[in-house]
Amino acid sequence: MTRFSLAQTPIDTATLRAQLLDDRVGGYASFEGWVRNHNDGRNVLGLRYEAYAALAEAEGAKVLDEALQKFAILDVRCVHRIGDLAIGELAVWVGVSAAHRDAAFAACRYVIDEVKARVPIWKHERYAEGDAGWLHPEA
Amino acid sequence: MTRFSLAQTPIDTATLRAQLLDDRVGGYASFEGWVRNHNDGRNVLGLRYEAYAALAEAEGAKVLDEALQKFAILDVRCVHRIGDLAIGELAVWVGVSAAHRDAAFAACRYVIDEVKARVPIWKHERYAEGDAGWLHPEA
Amino acid sequence: MARVNVLYFASLRDAAGVASETVDVDGNLRALYTALRERHGFVLPVERLRVAVDGTFARWDDAVRDGSEIAFIPPVSGG
Amino acid sequence: MARVNVLYFASLRDAAGVASETVDVDGNLRALYTALRERHGFVLPVERLRVAVDGTFARWDDAVRDGSEIAFIPPVSGG
């Protein structure tokens, strides 16, 4: 079972969520990043995610292992889309199950923050004005 | 459109989530409370939620209005089950959409905390030992 | 003298044996609960409850209004 | 002299015009990036990148090993 995955095709969150069902779970927290129609004041038409797949999968798995160590959770999963995405499509999903909600929320937040900061995935945006570019945010 | 609802039947989270889709959404946070097979060290066989429906709906709507005021979110919904629930069933769902994840997480946490603290809903647990009882937690 | 309808939930309903009853009462909401607590043997003291009148939270010092619907709200446990 | 395969992603790939290339190199990973930055006109300074060797994050002071696969990781923007 792989806790972190890259997906070339749309993500089915209902199935992912169902994989975390367990009689011991009291709290389930999830986060989804969707493609917005704007970013930094510019109109976005669509975007593409590219990954260094081997390292992204290893680093993503490491983030989830850390979450399991740091927080009193039962399980955690994360899937990140790669390839071309339209406005409104799901880019990333995080799901966390725990006995109590404190740990579920904290771990969910940890995972999305660390994935965004560390996992080698890059976003390429196309703008309404016709130009496009890779996003390489300042740390 | 009612942002807070009581449900007599199982909650379809996929449909609820879809109602929050919007091209402006960048972050979607959700929380689900599921019926655990244990509570305070006791084995739970099943439970029942009862509400003072009119006041629960008014107070729940108030909590969601507060979340919309306090946080930079686009929308928020909450559904709470009433009636008999089995282990593993969904008791409460909260969904929040926002441009950015900070507000989505904060509002989601606010809503579940306030709903649990203020909305007149009561849990009746049946235990493996044969007894049962209403939960009236100390503040 | 006011005639009101009182609603009971959760452990209060179990103790009262009914979900609601009609009561004739003088005074404020605190006095009403005190009298009903004695009648039904409610375990919870007034300090651990909230009270609502006609579907809105109210104060214990509020006078009981004739024809109103009064609910005693034991500590909640949703979620 | 080590012969390595270098992988480029995102803006580095656009600037290099290729996704990977084989390079003969002496010295450490920092020197390799500095040379390739000059060759391809990469905008990003070494301080804004991370570097990976054979699928694992490495240090810029590590010597380049013959036959390894080296990836320069520009600031990431997933999520």
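Within every chain, numbering begins at 1; the chains are lettered A, B, ... in the order of the sequence lines, protein sequences first and strands thereafter.
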Indicate yes or no: at least one non-hydrogen side-chain atom of A:Cys108 is less than 4.5 angstrom from one of A:Ile73. no

Check the pair D:Asp66 / D:Arg3 against salt bridge (Lys or Arg N to Asp or Glu O under 4.0 Å), numbers first and verdict last. CA-CA 5 Å; D:Asp66 188 56; D:Arg3 171 161 292 191; over 6 Å; no

Using only non-hydrogen atoms and a strict under-4.5 angstrom cutoff, which residues of residues 123-130 of chain A touch chain D? A:Lys123

Is A:Asp65 salt-bridged to A:Lys62, going by a charged N under 4.0 Å from an acidic O? no

Give me the contact list for residues 112-120 of chain A versus chain D, heavy atoms only, anything under 4.5 Å, ordered by residue number. A:Lys116, A:Ala117, A:Arg118, A:Val119, A:Pro120

Just to verify, what does D:Tyr8 make a side chain to side chain donor-acceptor pair (under 3.5 Å) with, not counting sequence neighbours? D:Glu21

Compare all side-chain heavy atoms of D:Tyr33 with those of D:Leu49 and state whether any distance is below 4.5 angstrom. yes

Heavy atoms, side chains only, cut-off 4.5 Å: are D:Ser11 and D:Leu44 in contact? yes

Can you tell which part of D:Glu47 gets under 4.5 Å to a heavy atom of chain A, answering side chain, backbone, both or neither? neither

Do D:Val23 and D:Ile70 have side chains that approach each other closer than 4.5 Å (heavy atoms only, starting at C-beta)? no

Neighbourhood of chain D inside residues 18-54 of chain A, taking heavy atoms under 4.5 Å as contact: A:Arg48, A:Tyr49, A:Glu50, A:Ala51, A:Tyr52

Quick one, D:Trp60 and D:Val51 - any side-chain contact, counting heavy atoms below 4.5 Å? yes

I want to check something: taking the side chain as every heavy atom from C-beta on, are D:Val46 and D:Thr34 in contact at a cut-off of under 4.5 Å? no

Side-chain contact test, heavy atoms from C-beta onward, threshold under 4.5 Å: evaluate it for A:Pro10 versus A:Leu90 and give yes or no. no

What part of A:Trp134 gets closer than 4.5 Å to chain D, counting heavy atoms only: side chain, backbone, both or neither? side chain

Name the region of D:Ala10, side chain, backbone, both or neither, that has any atom closer than 4.5 Å to a heavy atom of chain A. both

Looking only at non-hydrogen atoms, find the nearest pair between A:Ile11 and A:Arg81 and report the distance. CD1-CG, 3.7 Å

Do A:Val76 and A:Arg3 come close enough that some side-chain heavy atom pair is under 4.5 Å? yes

Looking only at non-hydrogen atoms, find the nearest pair between A:Val79 and A:Ala7 and report the distance. CG1-CB, 3.7 Å

Minimal heavy-atom distance between D:Val25 and D:Val4, with the atoms involved, is CG1-CG2, 4.2 Å

